[in-house]
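Okay, so here's the structure we're looking at.
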Amino acid sequence: MLSEQEIVRREALQKIRALGIDPYPAAKFEVTAYAADIKQHYSETVAADGTKQRLNYQDIAIAGRLMASREAGKAAFGEIQDSTGRIQIYIRRDEICPDADKSLYKELFLKLLDIGDFIGVKGYAFRTKMGEITVHVTEFKLLSKSLRPLPIVKKDAQGNVFDAFTDPELRYRQRYVDLTVNPAVREVFVKRTKLVQAMRQFFVEKGWLEVETPILQPIHGGAAARPFKTHHNSLDTALYMRIANELYLKRLIVGGFDGVFEFGKMFRNEGMDRTHNPEFTAMEIYVAYKDYIWMMEMVETCLERVAIAVNGTSDAMVGDRKISFKAPYIRLSMTDAILKYTGINIDALDEAGLRAVCKQLHIETDASMGKGKLIDAIFGEKVESHLIQPTYITDYPVEMSPLAKKHRTKAGFVERFELFVNGKEIANAYSELNDPIDQRERFEEQMRLAGRGDDEAMPLDEDFLRALEYGMPPTSGLGIGIDRLTMFLTNNVSIQEVLFFPQMKPEKGS
RNA sequence: GACCUUGUAGCUCAGCUGGUAGAGCAUUUGACUUUUAAUCAAAGGGUCUCGGGUUCGAAUCCCGACAAGGUCACCA
């Protein structure tokens, strides 16, 4: 069932064809200027007698969507939106139609063109009486007809917005419309790309190698999460969508690369909310002969540079808080962090002692929780939310980190850090476990957890162990959540705002 | 998974204790040769998310479903 406006546009399409005009022409349209450049660089001189001399953009071709039209009898104003923004156009009937036949202006331009149509315009730039830099149209060409009405967002001179296209469901399902009518949305995604490019360039300059590893994996390793399971028909075997690429990247370190990194989609079959999408982007990097202390310095140097590449400054607003990504960042061991925010020193405590602390702090526990989980519970409840400025929390309980190397001096802990910003984790790194015997024991411990019903415990990966047995140099590894980092650097609280196409339930009637 | 809120024209929203479905923008027709939320005049446009129920009568009240947002839980 078509709406009235859709019917009108389909009728216009037929009339355009009847005029002998192809509403979807194949030929290229040579664009020679862009809205933002013209508005920024147009110049003219005004002589003493008031006559103006226009200095540039006097023979240009621009293309984009027609986003507004204001008709005034024998002349009309419109706005064209290209990839750089909008610029006003001005068209005069008797210039477009110098002869008696005025239909090109009156029929095609005024009646058959609609908001949303792509047109190409040739002409010259000038400044109107009102001071608006405008393209005076000498020729125009329909490049693609739009059959659906766009939501028209208008803004008055005071900057008040009318009829903003704000319904989140419509915006996410029809991101193309969102991008067309909400320029701020486009900006977020441009920043996301700048972020990834800056980080990639940082690693490339260090000489590290960008690689690709399997998304379909026979064993889902490298993280604690529930996977998506699928099936390969001709192999007749189960495959999992990767929840992490860690184990493959370490195999590459075994194979002799000094540094490898991958930006890739990860898939986790878990709940969705404003910080979790079933598929998300992680960057993981592994560098041989380094440790987690080195990695902290690398990360803060990298993030400072990334923040500047994205926003032009190392400061970022998150909500109404100013976060400084300028290196160096605070470093605090997990036990010191707990001491700082609770006043309790857990260093010497055994499991019973930790349980008593939880009770004292009104933190719920259950019998299955070991030392590591208890410490993590205290940290999660009492510390995390205080970590506003970028803060490294170091040295985690060994039980929670089956792929990290045991701490060089602290028994029961591993060489690991997580980076917290605004109370949320955005990065996770280890001195990687390269002792194959220890690694096998850690996997076996995970299997015991799985046997007790932990459906997120890591499965044992024989081939990965075989690789470690051949020998992996000491290596430091890091994972960064690219979506979350983008959220911080663009001041968004919802992951859906930094994903072009966030996962949605199927649309009704499709 | 639990709870709360929302779903009305292309968009943004009104719609009272249940009584013929409303506005602005957009659309259509007309006027206007420097407008910019253009203006002026007129017109058209609705499966009130879907399915039940109560009622003489439901956009409105009740039940259920679907979708979205939020809070929490889970998760990293």
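So that the names make sense, note that chain A is the first sequence line, chain B the second, and so on, each numbered from 1.
- Tested against A:His136 for a side chain to side chain contact (heavy atoms under 4.5 Å, CB included), the candidates A:Glu95, A:Gln88, A:Gln58 yield a single pass: A:Glu95.
- Nearest nucleotide to the side chain of A:Phe126, out of B:rU34, B:rA68, B:rG30: B:rU34.
- Residues A:Leu403 and A:Arg442 share a closest heavy-atom pair of N-NH1, 4.3 Å.
- The residue A:Ala72 sits close to a base: some heavy atom pair falls under 4.0 Å.
- Looking at RNA chain B, the stems built from 3 or more consecutive Watson-Crick or G-U wobble pairs, each pair with its key distances under 3.5 Å, are B:1-7 with B:66-72, B:10-13 with B:22-25, B:27-31 with B:39-43, B:49-53 with B:61-65.
- Here A:Glu71 lies in heavy-atom contact (under 4.0 Å) with a base.
- Ring centers of A:His220 and A:Tyr240: under 6.0 Å apart, within the cut-off.
- When the side-chain nitrogen and oxygen atoms of A:Arg70 are compared with OP1 and OP2 of B:rU35, none of them lie within a distance under 4.0 Å.
- Contact annotation: A:Lys154 side-chain N/O to B:rA26 OP1/OP2 distance is under 4.0 Å.
- In the interface, the side chain of A:Glu4 is not paired with the base of B:rU28 through any donor and acceptor atom under 3.5 Å apart.
- Put simply, the side chain of A:Glu169 and the base of B:rA67 share no donor and acceptor less than 3.5 Å apart.
- For A:Lys106, whose side chain is taken as the heavy atoms from C-beta onward, the closest listed nucleotide among B:rA31, B:rA76, B:rA68 is B:rA31.
- In this structure, A:Asp167 reaches the sugar-phosphate backbone alone: every heavy-atom distance under 4.0 Å involves primed, P, OP1 or OP2 atoms, never a base.
- No engagement by A:Thr275 is indicated, since no non-hydrogen atom pair under 4.0 Å with the nucleic acid exists.
- A:Ala68 comes within contact range of no nucleotide atom at all, as no heavy-atom separation falls under 4.0 Å.
- Among the atoms of the strands shown, only primed sugar atoms or phosphate atoms (P, OP1, OP2) are found under 4.0 Å from some heavy atom of A:Arg268.
- Note that A:Arg93 lies outside the cation-pi zone of A:Tyr105, set by a 6.0 Å cut-off to the ring centre and a 45° limit from the axis.
- Nucleic acid contact for A:Arg93: none, since no nucleic acid atom lies under 4.0 Å from a heavy atom of the residue.
- Among the atoms of the strands shown, base atoms are found under 4.0 Å from some heavy atom of A:Lys74.
- Put simply, CD on A:Glu384 is 12 Å from P on B:rC75, counting in whole angstrom units.
- Residue-level contact check: A:Leu170 touches the backbone only, with heavy atoms under 4.0 Å from sugar-phosphate atoms and none from bases.
- Close to B:rA68, at under 4.0 Å from its OP1 or OP2, lies no side-chain N or O of A:Gln496.
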